[in-house]
Amino acid sequence: MMFFFSFCGSTYGMAEETLGFYMILIPLVLSMGYDKFTGLMIVLFGAGAGVLTSTVNPFVIAVAVDAAKVEGLSSSNGMAWRWISWVIITGAAITMVTLYAVKVKKIHKNHTLSQHLKVIKLSS
């Protein structure tokens, strides 16, 4: 899912358009034993990683090329670097969310990480 959101964010700038996906993904991840924050992170960090590394996003790349007013500069300059950075940033975001989800799953199937931290804080 994060790969999809990141790809869409990178190609046409899907960030605000993800609002409807929260209503779909949060109940889905809750039913799988994760917490709400995991669902939020899947959508937010997926789309955010894509927009951050915009590869062919016309709302970012074309505007930047026009604003630079450099002769010979086109939207295709630096395309390899943009795709490489997209792969690295998306991979890092997926890894971070996966590590968080594994931690939530280990703590307890029916409790969120924040509830567990509150219990630890109260018992200290």
Side-chain angles (χ1 to χ4, degrees):
M1 291 300 298
M2 286 185 70
F3 178 83
F4 167 75
F5 291 125
S6 180
F7 183 76
C8 291
S10 180
T11 55
Y12 74 92
M14 184 173 88
E16 293 84 7
E17 295 86 352
T18 60
L19 289 175
F21 291 103
Y22 290 106
M23 294 184 291
I24 297 168
L25 244 67
I26 290 176
L28 181 66
V29 297
L30 285 173
S31 69
M32 294 181 347
Y34 300 103
D35 63 349
K36 296 175 204 169
F37 194 61
T38 304
L40 174 102
M41 287 176 24
I42 289 170
V43 179
L44 184 66
F45 291 2
V51 172
L52 177 70
T53 58
S54 294
T55 53
V56 293
N57 181 354
F59 306 108
V60 175
I61 304 300
V63 171
V65 168
D66 289 341
K69 297 189 187 320
V70 175
E71 191 173 324
L73 185 63
S74 71
S75 299
S76 62
N77 289 38
M79 185 66 72
W81 167 247
R82 286 182 277 188
W83 281 111
I84 290 168
S85 64
W86 176 76
V87 168
I88 293 169
I89 298 294
T90 300
I94 291 171
T95 301
M96 188 184 76
V97 172
T98 303
L99 291 174
Y100 175 80
V102 167
K103 187 181 284 191
V104 167
K105 197 78 158 180
K106 276 184 183 178
I107 288 175
H108 198 277
K109 288 185 178 182
N110 298 326
H111 292 95
T112 62
L113 181 61
S114 61
Q115 289 172 334
H116 182 70
L117 293 175
K118 287 178 188 175
V119 170
I120 292 172
K121 192 174 186 180
L122 291 174
S123 64
S124 298

*Do F45 and L19 share a hydrophobic cluster, counting only Ile, Leu, Val, Met, Phe, Trp and Tyr and linking them when any side-chain heavy atoms are less than 4.5 Å apart?*
yes
*Find the distance between CD1 (I26) and OH (Y34) and round it off to the nearest 0.5 Å.*
15.5 Å
_According to side chain to side chain donor-acceptor pair (under 3.5 Å), who are the partners of S75, at least two apart in sequence or on a separate chain?_
none
_Hydrophobic clusters here meaning ILVMFWY residues chained together by side-chain heavy-atom distances under 4.5 Å, can you tell me if V63 and M14 are in one?_
no
Under 3.5 Å, which donor-acceptor pairs do the side chains of residues 48-55 form with other protein atoms, sequence neighbours left out?
from: T53; atom 1: OG1; to: A49; atom 2: O; distance (Å): 2.9
from: S54; atom 1: OG; to: V51; atom 2: O; distance (Å): 2.8
from: S54; atom 1: OG; to: N57; atom 2: ND2; distance (Å): 3.4
from: T55; atom 1: OG1; to: S10; atom 2: O; distance (Å): 3.4
from: T55; atom 1: OG1; to: S10; atom 2: OG; distance (Å): 2.7

*Atom CD1 in I89, atom CZ in R82: separation rounded to 0.5 Å?*
15.0 Å
*Among I94, T11, T90, find the one that has a side chain to side chain contact (heavy atoms under 4.5 Å, CB included) with S6.*
T90
*asked:* With a 4.5 Å cut-off on side-chain heavy atoms, are N77 and S74 touching?
replied: yes
*List for me each residue that meets ring-ring contact (aromatic ring centres under 6.0 Å, His included) alongside F37, sequence neighbours excluded, and say none if there are none.*
Y100
_Cluster overlap V97 with Y22, hydrophobic side-chain contacts below 4.5 Å_ = yes
*Quick one: pull up NZ in K105 and CG in D35 and give me the separation to the nearest 0.5 Å.*
11.0 Å
*In the hydrophobic cluster built from side-chain contacts under 4.5 Å, what are the other members alongside W81?*
none
_Over all atoms of both residues, closest heavy-atom pair of A68 and L73_ = CB-CD2, 3.8 Å
*Check the pair M32, T38 against side-chain contact (heavy atoms from CB on, under 4.5 Å), reporting the backbone distance first and the verdict last.*
CA-CA 11 Å; M32 294 181 347; T38 304; over 6 Å; no
_Would you compute the distance between atom CZ of F21 and atom CG of L44 and round it to the nearest 0.5 angstrom?_
14.0 Å
*Test item: L25 and F5 side chains (from C-beta on) under 4.5 Å apart, heavy atoms*: yes
*How is the hydrophobic cluster of V87 composed, in terms of its other members, when Ile, Leu, Val, Met, Phe, Trp and Tyr link through side-chain heavy atoms under 4.5 Å apart, directly or indirectly?*
F3, F7, V56, M79, W83, W86
*Answer with yes or no whether the hydrophobic clustering places F4 together with I88; edges join I, L, V, M, F, W, Y residues whose side-chain heavy atoms lie under 4.5 Å apart.*
no
*asked:* My understanding is that a hydrophobic cluster links ILVMFWY residues whose side chain heavy atoms are under 4.5 Å apart, including indirect links. Using that, what else belongs to the cluster containing V102?
replied: none
*Heavy-atom pair of closest approach, residues M41 and M2*: O-CE, 4.3 Å
